[in-house]
Amino acid sequence: MYKFKRWQWGLIIVGLLTYFTIITFQVYGNFYLGYPPYTPAFLSHTRRPLERTLTLTRASSLRIWGGLKEGRISVRINDVLKREFVDDYDVRLTLAAGTYALKIEMNEATGSLNYSLE
(Lines give C-alpha, C1' and ligand atoms only; values in the text may rest on other atoms or scores of the structure.)
Protein backbone atom coordinates (compact mmCIF):
# COMPACT_ATOMS: atom_id res chain seq x y z
CA MET A 1 0.00 0.00 0.00
CA TYR A 2 1.28 3.44 -0.98
CA LYS A 3 1.82 6.00 1.78
CA PHE A 4 1.72 9.68 0.96
CA LYS A 5 4.60 11.88 2.04
CA ARG A 6 4.00 15.05 4.03
CA TRP A 7 4.35 17.38 1.05
CA GLN A 8 1.88 15.21 -0.95
CA TRP A 9 -0.68 15.47 1.86
CA GLY A 10 -0.13 19.23 1.84
CA LEU A 11 -0.87 19.40 -1.89
CA ILE A 12 -3.99 17.27 -1.46
CA ILE A 13 -5.31 19.46 1.38
CA VAL A 14 -4.58 22.73 -0.48
CA GLY A 15 -6.20 21.33 -3.64
CA LEU A 16 -9.34 20.23 -1.80
CA LEU A 17 -9.67 23.56 0.02
CA THR A 18 -9.31 25.43 -3.29
CA TYR A 19 -11.87 23.15 -4.94
CA PHE A 20 -14.43 23.56 -2.14
CA THR A 21 -13.95 27.35 -2.10
CA ILE A 22 -14.55 27.63 -5.86
CA ILE A 23 -17.63 25.39 -5.71
CA THR A 24 -19.06 27.36 -2.79
CA PHE A 25 -18.72 30.65 -4.67
CA GLN A 26 -20.24 29.15 -7.81
CA VAL A 27 -23.29 27.86 -5.96
CA TYR A 28 -23.84 30.70 -3.49
CA GLY A 29 -22.00 33.62 -5.06
CA ASN A 30 -24.43 34.87 -7.72
CA PHE A 31 -22.74 32.99 -10.54
CA TYR A 32 -24.36 30.69 -13.03
CA LEU A 33 -23.13 27.16 -13.45
CA GLY A 34 -22.89 25.91 -17.00
CA TYR A 35 -22.19 27.69 -20.22
CA PRO A 36 -25.21 27.91 -22.52
CA PRO A 37 -25.79 26.87 -25.24
CA TYR A 38 -23.44 23.94 -24.61
CA THR A 39 -24.78 23.11 -21.16
CA PRO A 40 -27.81 24.43 -19.31
CA ALA A 41 -27.13 27.25 -16.87
CA PHE A 42 -28.29 26.42 -13.36
CA LEU A 43 -29.01 29.76 -11.73
CA SER A 44 -28.53 30.47 -8.04
CA HIS A 45 -30.00 33.92 -7.23
CA THR A 46 -28.04 35.17 -10.21
CA ARG A 47 -27.69 38.84 -11.11
CA ARG A 48 -24.86 38.63 -13.61
CA PRO A 49 -26.08 39.07 -17.22
CA LEU A 50 -25.25 36.64 -19.99
CA GLU A 51 -24.09 38.53 -23.09
CA ARG A 52 -23.41 37.13 -26.55
CA THR A 53 -22.86 38.60 -30.00
CA LEU A 54 -24.70 36.64 -32.67
CA THR A 55 -23.61 36.95 -36.32
CA LEU A 56 -26.18 35.29 -38.54
CA THR A 57 -25.70 34.61 -42.26
CA ARG A 58 -29.34 33.65 -42.74
CA ALA A 59 -32.63 34.00 -40.89
CA SER A 60 -32.61 31.88 -37.74
CA SER A 61 -34.83 30.99 -34.83
CA LEU A 62 -33.56 31.79 -31.33
CA ARG A 63 -35.13 29.39 -28.84
CA ILE A 64 -34.94 30.18 -25.13
CA TRP A 65 -36.35 27.70 -22.64
CA GLY A 66 -36.11 26.65 -19.02
CA GLY A 67 -37.85 27.16 -15.72
CA LEU A 68 -37.56 29.61 -12.86
CA LYS A 69 -38.36 28.95 -9.23
CA GLU A 70 -37.71 32.56 -8.19
CA GLY A 71 -36.82 35.83 -9.83
CA ARG A 72 -37.16 37.14 -13.35
CA ILE A 73 -35.24 36.90 -16.63
CA SER A 74 -35.29 39.66 -19.28
CA VAL A 75 -34.15 39.09 -22.86
CA ARG A 76 -32.79 42.10 -24.73
CA ILE A 77 -31.69 42.08 -28.35
CA ASN A 78 -29.74 45.18 -29.43
CA ASP A 79 -30.81 46.84 -26.15
CA VAL A 80 -34.51 46.40 -26.93
CA LEU A 81 -36.53 44.41 -24.38
CA LYS A 82 -38.09 41.44 -26.19
CA ARG A 83 -39.42 39.21 -23.40
CA GLU A 84 -39.52 38.78 -19.63
CA PHE A 85 -39.89 35.39 -18.01
CA VAL A 86 -41.28 34.23 -14.69
CA ASP A 87 -41.96 30.52 -14.04
CA ASP A 88 -41.59 27.99 -16.92
CA TYR A 89 -40.88 29.35 -20.39
CA ASP A 90 -40.26 28.15 -23.94
CA VAL A 91 -40.08 30.95 -26.52
CA ARG A 92 -38.88 31.28 -30.11
CA LEU A 93 -37.79 34.57 -31.64
CA THR A 94 -37.12 34.84 -35.38
CA LEU A 95 -34.02 36.83 -36.30
CA ALA A 96 -33.12 38.02 -39.80
CA ALA A 97 -29.57 37.79 -41.11
CA GLY A 98 -27.21 40.25 -39.43
CA THR A 99 -25.34 40.91 -36.19
CA TYR A 100 -27.20 41.02 -32.88
CA ALA A 101 -26.21 41.75 -29.30
CA LEU A 102 -28.08 39.23 -27.13
CA LYS A 103 -28.27 40.10 -23.44
CA ILE A 104 -30.07 37.87 -20.96
CA GLU A 105 -30.45 39.68 -17.64
CA MET A 106 -31.21 37.74 -14.49
CA ASN A 107 -32.82 39.39 -11.47
CA GLU A 108 -32.34 37.12 -8.46
CA ALA A 109 -33.08 34.18 -10.75
CA THR A 110 -33.09 30.60 -9.47
CA GLY A 111 -33.78 27.76 -11.89
CA SER A 112 -32.42 26.80 -15.31
CA LEU A 113 -31.78 28.54 -18.63
CA ASN A 114 -31.07 27.14 -22.11
CA TYR A 115 -30.91 28.72 -25.53
CA SER A 116 -30.12 27.62 -29.06
CA LEU A 117 -30.05 28.97 -32.60
CA GLU A 118 -31.93 26.82 -35.08
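No hydrogens, no waters, no symmetry mates; every other heavy atom, side chains included, goes into these values. Numbers here are sequence positions counted from 1.
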Enquirer: Just grab all the salt bridge (charged side-chain N to carboxylate O under 4.0 Å, His left out) pairs involving residues 2-13, residues at least two apart or on different chains.
Expert: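 Sorted pair list comes back empty.
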Enquirer: Enumerate, atom names and distances included, each donor-acceptor pair closer than 3.5 Å involving a side-chain atom of residues 88-101, sequence neighbours excluded.
Expert:
{"residue": "Tyr89", "atom": "OH", "partner": "Ser112", "partner atom": "O", "Å": "2.9"}
{"residue": "Asp90", "atom": "OD1", "partner": "Arg63", "partner atom": "NE", "Å": "3.1"}
{"residue": "Asp90", "atom": "OD2", "partner": "Arg63", "partner atom": "NH2", "Å": "3.2"}
{"residue": "Arg92", "atom": "NH1", "partner": "Ser61", "partner atom": "OG", "Å": "3.4"}
{"residue": "Arg92", "atom": "NH1", "partner": "Glu118", "partner atom": "OE1", "Å": "2.4"}
{"residue": "Arg92", "atom": "NH2", "partner": "Glu118", "partner atom": "OE1", "Å": "3.1"}
{"residue": "Tyr100", "atom": "OH", "partner": "Ala96", "partner atom": "N", "Å": "3.2"}
{"residue": "Tyr100", "atom": "OH", "partner": "Ala96", "partner atom": "O", "Å": "2.9"}

Enquirer: Hey, could you give me the CD1/CG distance between Ile64 and Leu102, rounded to the nearest 0.5 Å?
Expert: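 Output value for this atom pair is 6.0 Å.
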Enquirer: With sequence neighbours excluded, what pairs up with Arg76 under the salt bridge (Lys or Arg N to Asp or Glu O under 4.0 Å) test?
Expert: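 Only Glu105 meet the salt bridge (Lys or Arg N to Asp or Glu O under 4.0 Å) criterion with Arg76.
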Enquirer: State the OH-CD1 distance between Tyr115 and Ile104, to the nearest 0.5 angstrom.
Expert: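 One finds 6.5 Å between OH of Tyr115 and CD1 of Ile104.
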Enquirer: Considering residues at least two apart in sequence or located in another chain, which fulfil the side-chain contact (heavy atoms from CB on, under 4.5 Å) criterion with Leu16?
Expert: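 Once residues adjacent in sequence are excluded, the partners of Leu16 under the side-chain contact (heavy atoms from CB on, under 4.5 Å) criterion are Ile12, Phe20.
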Enquirer: Looking at residues at least two apart in the chain, or sitting in another chain, which of them share a ring pair (Phe, Tyr, Trp, His ring centres under 6.0 Å) with Trp9?
Expert: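 Phe4.
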Enquirer: Using salt bridge (Lys or Arg N to Asp or Glu O under 4.0 Å) as the criterion, list what pairs up with Glu84, not counting sequence neighbours.
Expert: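 Applying salt bridge (Lys or Arg N to Asp or Glu O under 4.0 Å) to Glu84 gives Arg72.
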Enquirer: Would you call Met106 and Arg47 a side-chain contact if the rule is heavy atoms closer than 4.5 Å?
Expert: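 Counting from C-beta outward, Met106 and Arg47 never come under 4.5 Å.
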Enquirer: Of all heavy-atom pairs between Asn114 and Gly66, which one has the smallest distance, and what is that distance?
Expert: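 In terms of heavy atoms, the two residues are closest at ND2-CA, 4.5 Å.
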Enquirer: With rounding to the nearest 0.5 Å, note down the distance linking CG in Asp79 to CG in Leu81.
Expert: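 Those atoms lie 10.5 Å apart.
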Enquirer: Search all heavy atoms of Leu117 against all heavy atoms of Ser60 and return the closest pair with its distance.
Expert: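 Of all heavy-atom pairs spanning Leu117 and Ser60, the closest is CD2-CB, 4.2 Å.
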Enquirer: When clusters are formed by joining ILVMFWY residues with side-chain heavy atoms under 4.5 Å apart, either directly or through shared neighbours, do Leu113 and Val86 land in the same one?
Expert: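 Not linked; separate clusters.
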Enquirer: Just verifying a value: how many Å separate Lys82 NZ and Ser74 OG, rounded to the nearest 0.5 Å?
Expert: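 Answer rounded to 0.5 Å: 13.5 Å.
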Enquirer: What's the shortest heavy-atom distance between Phe85 and Leu68, and which atoms?
Expert: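 Nearest heavy atoms, Phe85 then Leu68: O-CD1, 3.5 Å.
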